[in-house]
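Step one of this worksheet: look at the structure below.
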Amino acid sequence: MLDVRSLERRWIKYKIKAYFPYIAGVFLIIIMLISLPIIWLDAEKVSEIKKAPSLSIHTANQTSTLADSNKEESTVLEPSMEFVKTFETAVPEPAIPSTPPAVSKSIPQSVPVTKVLSVPDSSTIKPPPKAPTPSTIVTPSDKQVILNHNNESKIDIESVERRFKETSNPNLGLFIARYYYDHGNYADAYNFALKTNGINNKIDESWIIFSKSLMKLGKVEQAKKTLQLYIGESNSDSARALLDSIERGTFK
Amino acid sequence: MENSLFSKPRDLFLDVVNPRDYVQIDSVSHMYQSLKNSVQKPLKMILLYGKPGTGKSMLLHKLHHDLSKQQKVLMFDIPIVDEDDFLRVLAQRIFGHSPREIMTLIRFLEIAEAVAYPEVPIVLLDEAQLYSASLMEKIRLISDARAIKFVITLHKTDKEDIIAKEHFQTRIWESIELQNATAEELKVYVQKKLLKANCFDVANMFNDKNMKLITSLTKGNYRDTNKLLFSLFTLYYWYEENNPAAIKYNALKSKWIEMAAIHTGLIHA
């Protein structure tokens with residue numbers, strides 16, 4: 001005679017065994033579906049953290065230099081009218097070419113200018129070791145600055161800025177822009193490159209720093225547009241190379 | 001339990017070979033007709049082979065049942081492995097001789113020649129793979145001498161293929177291979193068997209889904225199907241007694257078919 005109860009138990013075991021691979025498969029799929037977005041979000045966070053240092057340094061500089069407030073939102077590019085105003089009131093009108101090229105006219109319209117950030121307290125900061133571009137005209141005072149720079153002596157960036165305000169020397173403006181760019185302060189690099197371009201719109205490196213700062217500030221389209229306009233005006237090889245690297249996605 | 005619906009079907013599927021239980025299925029009928037035609041020809045040896053449970057023994061019993069009305073037919077469903085005993089039994093039951101001396105092949109052939117039936121007697125040997133090579137050689141010599149016509153069945157395995165090669169390859173005039181049933185054939189087999197015994201209600205419980213499951217479990221093997229259905233109806237009988245509400249009379253329960261398969265060893269659980 002059959003032991004039906006025992007058979008029923010064996011049948012349940014058999015069904016569990018038979019369905020186990022399917023149950024395990026479904027369970028795995030569910031786990032994967034749940035974990036994939038989490039992994040994806042984590043990866044995004046990591047990439048954001050990786051990007052963050054340049055900005056955080058930038059904001060840290062700002063916060064350390066800003067006397068009263070922690071205006072973190074200053075990283076957002078806005079027209080730096082205050083900067084321009086302060087600059088204009090402090091210095092006499094620079095010798096801008098009588099007929100400014102189309103680039104200098106179009107850029108301010110298409111490219112928003114950053115809010116003026118107070119100049120960092122750089123009494124302890126050394127300027128970056130950077131050679132001047134051969135295209136720039138070197139005056140005696142510039143020579144002094146470059147010499148100091150080459151000798152890696154301490155440079156009071158504030159005094160350079162003061163001199164720039166007084167003389168409106170585009171080489172000083174380029175120096176300051178380069179200094180800020182090398183130190184990751186892309187908003188100030190952008191501001192001084194813009195001012196330098198306003199004084200002399202034929203300095204290659206100034207336009208390059210201007211566009212690179214835009215790139216670093218995440219304004220890719222504006223950077224590209226600026227470079228395209230400048231290339232159209234100057235036929236600059238270095239500007240073209242930079243534009244190519246941006247378009248290929250190899251710009252770092 | 002009296003008046004049980006499932007006791008009769010259960011007994012129908014007991015694994016016994018009875019020619020009266022022979023169920024006519026197209027493919028098997030075709031095989032059987034070929035076998036009958038071959039037996040009528042002046043052939044010395046006919047081989048019936050296939051996997052265990054494909055119906056070889058049933059066909060052999062059916063042939064014995066049908067031919068015994070017309071001519072001298074002897075059926076060996078249990079092999080006699082001793083050579084002397086084998087020849088002695090043959091001499092006694094075919095030719096009516098029971099010599100006291102040792103029965104040698106030469107003596108046996110002398111007796112066969114002396115009797116000389118108008119029609120060559122037929123001997124049916126089931127499970128021929130159990131005979132020794134030496135006895136098979138003697139069987140071959142007897143058939144060569146046209147003293148007896150042999151119909152033998154063999155399991156189809158590598159080993160038995162070798163036996164067939166060694167002893168029969170040049171002497172087999174006819175060989176018939178039996179195969180497992182398809183789902184359709186198995187359904188016909190089961191239903192015909194049930195209807196033959198007037199188990200109409202139970203026959204109606206088999207649907208296509210049930211038959212597919214049964215075929216997948218038994219792979220169309222008749223012997224396994226008989227064993228499975230015997231266990232299945234034993235289960236139904238039990239539920240009929242102990243839990244009749246669990247029985248559905250419009251179809252067989254897949255769960256109970258699988259339980260029966262576990263019981264018969266077709267499913268390893």
Side-chain angles (χ1 to χ4, degrees), chain A residues 1-56 215 218 220-221 224 244-252, chain B residues 1-2 4-15 202 205 209-210 212-219 224-248 251-269:
Chain A
M1 195 63 194
L2 291 178
D3 182 358
V4 177
R5 299 294 172 215
S6 155
L7 260 182
E8 281 182 335
R9 280 194 296 275
R10 286 171 70 192
W11 179 82
I12 290 166
K13 275 184 193 172
Y14 158 72
K15 291 311 269 188
I16 291 168
K17 229 191 264 182
Y19 284 111
F20 181 76
Y22 301 103
I23 294 165
V26 169
F27 190 67
L28 261 175
I29 288 166
I30 290 168
I31 287 174
M32 281 173 72
L33 285 174
I34 293 167
S35 58
L36 268 177
I38 294 168
I39 292 165
W40 185 65
L41 281 173
D42 281 353
E44 270 198 342
K45 274 182 189 172
V46 167
S47 64
E48 275 173 16
I49 289 162
K50 278 181 183 172
K51 282 177 188 173
S54 61
L55 283 175
S56 62
M215 282 297 293
V220 180
E221 283 312 308
K224 279 198 224 172
D244 286 347
S245 71
I246 291 167
E247 283 175 344
R248 281 199 305 271
T250 55
F251 173 80
K252 287 182 181 174
Chain B
M1 185 182 172
E2 285 179 20
S4 167
L5 186 65
F6 300 103
S7 62
K8 198 174 175 184
R10 180 196 60 192
D11 297 340
L12 273 179
F13 289 97
L14 266 171
D15 189 28
V202 176
M205 288 170 74
K209 191 185 162 193
N210 295 148
K212 271 186 187 170
L213 178 58
I214 291 168
T215 312
S216 72
L217 290 168
T218 63
K219 296 179 174 64
D224 287 341
T225 304
N226 286 342
K227 283 164 70 179
L228 177 72
L229 293 181
F230 179 81
S231 294
L232 178 67
F233 290 124
T234 309
L235 264 177
Y236 267 92
Y237 183 82
W238 186 91
Y239 279 106
E240 199 178 28
E241 260 190 337
N242 299 287
N243 186 9
I247 300 173
K248 286 179 183 173
L252 294 173
K253 276 193 170 184
S254 296
K255 177 187 171 182
W256 293 355
I257 295 173
E258 286 170 345
M259 280 167 66
I262 290 168
H263 179 70
T264 50
L266 293 169
I267 289 175
H268 301 286

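So that the names make sense, note that chain A is the first sequence line, chain B the second, and so on, each numbered from 1.
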(message) Strictly by salt bridge (Lys or Arg N to Asp or Glu O under 4.0 Å), give each pair with a member in residues 256-269 of chain B just once, sequence neighbours left out.
(response) A:Lys15-B:Glu258
(message) With rounding to the nearest 0.5 angstrom, report the CE to CG distance, B:Met259 to A:Leu7.
(response) 5.0 Å
(message) Once salt bridge (Lys or Arg N to Asp or Glu O under 4.0 Å) is applied, do any residues pair with A:Glu247, and if so which ones, sequence neighbours excluded?
(response) none
(message) My understanding is that only one of B:Thr234, B:Leu235, B:Asn242, B:Asn243 makes a side chain to side chain contact (heavy atoms under 4.5 Å, CB included) with A:Val4; could you say which?
(response) B:Leu235
(message) When you compare the side chain of B:Lys255 with that of A:Glu8, does any pair of heavy atoms fall below 4.5 Å?
(response) yes
(message) Please classify the contact between B:Ile267 and chain A as side chain, backbone, both or neither, with a heavy-atom cut-off of under 4.5 Å.
(response) side chain
